Amino acid sequence: MATDKGITLLRLLGLGSTRRSIMMLVLSWILNVAWLGFNYFWRLVPESVLIAIPVLLLLYGLLALVAYVYWGVRGVREQDEPYTNIMVGVIVAITLLYLNYTLLDALLSLSR
């Protein structure tokens with residue numbers, strides 16, 4: 001199990017429950033699309049910053065996936081919730097992470 005410091009960190013990052021973790025995954029994907037769209041039309045930042053933000057959002061998405069699985073398994077153990085909720089959430093989370101990765105890969109191929 002995670003330590004108290006790990007749980008505190010997840011809560012500080014806004015990942016304090018399964019619902020919040022999925023919401024933050026969706027938010028990170030929306031922010032990624034908005035960031036790339038904004039910079040597509042108004043090239044305001046250098047390439048290193050343009051690439052760094054999607055990388056950070058992808059890392060945050062991975063952390064949100066880990067938090068989602070942690071809170072989901074904890075809910076199964078403590079409240080006898082069904083495992084299917086975790087499976088559906090993991091499928092959604094992996095899909096969003098894949099879309100974030102695809103956007104980052106497209107950005108990297110454009111910058112070469």
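Since this is a predicted model, take the numbers as computed values, not measurements.
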Between [X] and [Y], is there a shared hydrophobic cluster once you connect ILVMFWY residues whose side-chain heavy atoms come closer than 4.5 Å?
X      : Y     : result
Leu59  : Val66 : no
Tyr68  : Leu99 : yes
Leu108 : Leu56 : no
Val49  : Leu36 : yes

Item to check | Set of residues satisfying side chain to side chain donor-acceptor pair (under 3.5 Å) with respect to Gln79, sequence neighbours excluded | outcome: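 Residues passing side chain to side chain donor-acceptor pair (under 3.5 Å) with Gln79: none at all.
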Interatomic distance, [X] atom [atom1] to [Y] atom [atom2] [nearest 0.5 angstrom]:
X      : Y      : atom1 : atom2 : answer
Tyr98  : Leu103 : OH    : CG    : 10.5 Å
Leu97  : Thr102 : CG    : OG1   : 10.5 Å
Leu104 : Ile53  : CG    : CD1   : 12.0 Å
Met23  : Ser17  : CE    : OG    : 8.0 Å

Could you list the residues that satisfy side-chain contact (heavy atoms from CB on, under 4.5 Å) with [X], not counting sequence neighbours?
X     : answer
Leu63 : Leu10, Leu13, Leu15
Ser28 : Leu57, Tyr60, Asn100
Leu27 : Met24, Leu31

Item to check | Any Pro54 side-chain heavy atom under 4.5 Å of Leu107 side chain | outcome: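 Contact flag for Pro54/Leu107 side chains = yes.
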Next on the checklist: Less than 4.5 Å apart, side chain to side chain, heavy atoms only: is that true for Trp35 and Val45?
Outcome noted: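 The answer is yes, as the side chains (C-beta and beyond) meet within the 4.5 Å cut-off.
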Checklist entry - Where do Trp29 and Leu25 land on the side chain to side chain contact (heavy atoms under 4.5 Å, CB included) test, with the steps shown first? => result CA-CA 6 Å; Trp29 180 77; Leu25 271 165; over 6 Å; no
Checklist entry - So, for Ser21 and Trp71, which heavy atoms are closest and what is the spacing to 0.1 Å? => result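 Of all heavy-atom pairs spanning Ser21 and Trp71, the closest is OG-CD1, 4.1 Å.
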Checklist entry - Considering residues at least two apart in sequence or located in another chain, which fulfil the ring pair (Phe, Tyr, Trp, His ring centres under 6.0 Å) criterion with Tyr101? => result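 Tyr101: no ring pair (Phe, Tyr, Trp, His ring centres under 6.0 Å) contacts found.
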Hey, can you pull the donor-acceptor pairs under 3.5 Å for the side chains in residues 82-96, sequence neighbours left out?
unit_1: Thr95; atom_1: OG1; unit_2: Ile91; atom_2: O; d: 2.8

